[in-house]
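Note that the structure is a prediction, hence the values are computed from the model and not measured. Throughout, protein chains are lettered first and strands after them, A, B, ... in sequence-line order, and every chain is numbered starting at 1.
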There are 2 protein chains.
Amino acid sequence: MAREEEKIFEDYLAIKNLKQSEQRKEILQIFLNIDKHLTANELYRIVQKKYPKVGYATIYRTLRLLCESGLCRELKFEDGTARYEHLYGHQHHDHLICTKCGRFFEVVDSEIERLQEKLAKQHGFYPERHRMELYGVCRKCKK
Amino acid sequence: MAREEEKIFEDYLAIKNLKQSEQRKEILQIFLNIDKHLTANELYRIVQKKYPKVGYATIYRTLRLLCESGLCRELKFEDGTARYEHLYGHQHHDHLICTKCGRFFEVVDSEIERLQEKLAKQHGFYPERHRMELYGVCRKCKK
DNA sequence: CTATTGTTGATAGCGATTTTCAATATCATA
DNA sequence: TATGATATTGAAAATCGCTATCAACAATAG
Ligand SMILES: [Mn+2]
Ligand SMILES: [Mn+2]
Ligand SMILES: [Zn+2]
Ligand SMILES: [Zn+2]
């Protein structure tokens, strides 16, 4: 499972002279097995079930390492709480968010992406990145 | 000055059986006179200069009322701190945000808006609203 | 094995925002 | 205008998500 990601994380730790702790391995495994947009707290609770001794701070610390190593991306939606998604092997995308059930749907629209670049340039802006979220009601929730 | 907005706020308070306090009038005036994307703290400091007795909680409470009455919109950008902008008489817009100087530029692109609607519908979504922020370096900051 | 150095969990701290509460102001009505 | 019901206020405590601190502990090189 996820040998490539494990290697990336190990290599990142090695380069930074960081150690391969049990906690880091455990959290990496659980992170890789859950491909959702989790909050730190949600991840904490899941990790706790399997490894009750793990502390809150370690979750945050490891999430930071995962982001730095390129495996994870931190996102902030409307409520301001950080959420974390898989980054490795995932291309850039934006999100549709259901205001009823809270689910996230990933989308890409190359035409919109092109127009965003153009819009920035029209205003003398040198674009670096963007964020786009569409809020609405998903098919299931509309009944 | 801003007679219309004053009326909207007064009417809103009346409908909700709320009272027309001095503080509310003062904060409304200052809010209306500053057309920026202020944080609660920034507004607090400006209000304090003129009315030193006003409390922090009253700023937040009044900002909430301004939002509910339709005069104000709360926005959250990358740092998670809420910012407040004028809503009355302002059409929907998105933001370009300079990562050097932190300034906000308001933009609308009807073609992007159209494609956003279309994108949502393609995924079976009933769109309600969206948020789009383009981060980059503004003309001035690029030298 | 041992020393060095990084890691951990608990907990304190922080910034933004909300809640609590007793004192006070607003406002409809007498 | 005086009264009283009800809403509002400022100060301070509480909360929330997250980061910093620190002493005990674990990983790794030699
Ligand atoms: Mn995603
Ligand atoms: Mn704006
Ligand atoms: Zn839904
Ligand atoms: Zn700039």
Rounding to a whole Å, what distance do you find between [X]:[atom1] and [N]:[atom2]?
{"X": "Glu22(B)", "N": "dT26(C)", "atom1": "CD", "atom2": "P", "answer": "6 Å"}
{"X": "Tyr56(A)", "N": "dA20(D)", "atom1": "OH", "atom2": "C1'", "answer": "17 Å"}
{"X": "Gln20(A)", "N": "dT8(C)", "atom1": "CD", "atom2": "P", "answer": "11 Å"}
{"X": "Tyr51(B)", "N": "dT9(D)", "atom1": "OH", "atom2": "P", "answer": "14 Å"}
{"X": "Ile27(A)", "N": "dT8(C)", "atom1": "CD1", "atom2": "P", "answer": "7 Å"}
{"X": "Ile59(B)", "N": "dT19(C)", "atom1": "CD1", "atom2": "P", "answer": "17 Å"}
{"X": "Leu38(A)", "N": "dG17(D)", "atom1": "CG", "atom2": "P", "answer": "15 Å"}
{"X": "Tyr44(B)", "N": "dT18(C)", "atom1": "OH", "atom2": "C1'", "answer": "16 Å"}

Qualifying residue, where the test is salt bridge (charged side-chain N to carboxylate O under 4.0 Å, His left out) with Glu42(B) and the options are Arg83(B), Lys49(B), Lys36(B):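 Of all the options given, the one that passes is Arg83(B).
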Between [X] and [Y], does at least one N-O distance fall below 4.0 Å, as a salt bridge requires?
{"X": "Glu113(A)", "Y": "Lys118(A)", "value": "no"}
{"X": "Glu6(A)", "Y": "Lys25(A)", "value": "no"}
{"X": "Arg114(B)", "Y": "Glu117(B)", "value": "no"}
{"X": "Arg131(A)", "Y": "Glu133(A)", "value": "yes"}

Sub-4.0 Å heavy-atom contacts from residues 60-82 of chain B onto DNA chain C, ordered by number: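 When residues 60-82 of chain B is checked for heavy atoms under 4.0 Å from DNA chain C, the hits, listed by number, are Tyr60(B), Arg61(B), Arg64(B), Thr81(B), Ala82(B).
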Show your working on ring pair (Phe, Tyr, Trp, His ring centres under 6.0 Å) between His130(B) and His92(B) and close with a plain yes or no. CA-CA 10 Å; His130(B) 70 262; His92(B) 162 77; 4.6 Å; yes
Atom pairs under 3.5 Å: protein N/O with N/O of nucleotides 2-5 of chain C:
unit_1 : atom_1 : unit_2   : atom_2 : d
dT5(C) : O2     : Lys19(A) : NZ     : 2.4

Does [X] have a side-chain nitrogen or oxygen under 4.0 Å from the phosphate oxygens OP1 or OP2 of [N]?
{"X": "Arg24(A)", "N": "dT8(C)", "answer": "yes"}
{"X": "Thr39(B)", "N": "dA16(C)", "answer": "no"}
{"X": "Gln23(B)", "N": "dG10(D)", "answer": "yes"}

Which nucleotide sits closest to the side chain of Ala57(A): dA27(D), dA20(D), dT9(D)?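 Shortest atom-to-atom distance from the side chain points to dA20(D).
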Are Tyr88(B) and Ile27(B) joined in one hydrophobic group, where the rule is that I, L, V, M, F, W and Y side chains link up if heavy atoms are under 4.5 Å apart?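 Per the 4.5 Å side-chain linkage, Tyr88(B) and Ile27(B) are co-clustered.
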Do you know which of Phe104(B), Tyr135(B), Phe105(B) makes ring-ring contact (aromatic ring centres under 6.0 Å, His included) with Phe125(A)?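 Going through Phe104(B), Tyr135(B), Phe105(B) one by one, the ring-ring contact (aromatic ring centres under 6.0 Å, His included) with Phe125(A) is satisfied by Phe105(B) alone.
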Nearest atoms (heavy-atom pairs only) where Leu63(A) meets Tyr84(A):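 Scanning both residues completely, I find the closest heavy atoms to be CD1-CE1, 3.6 Å.
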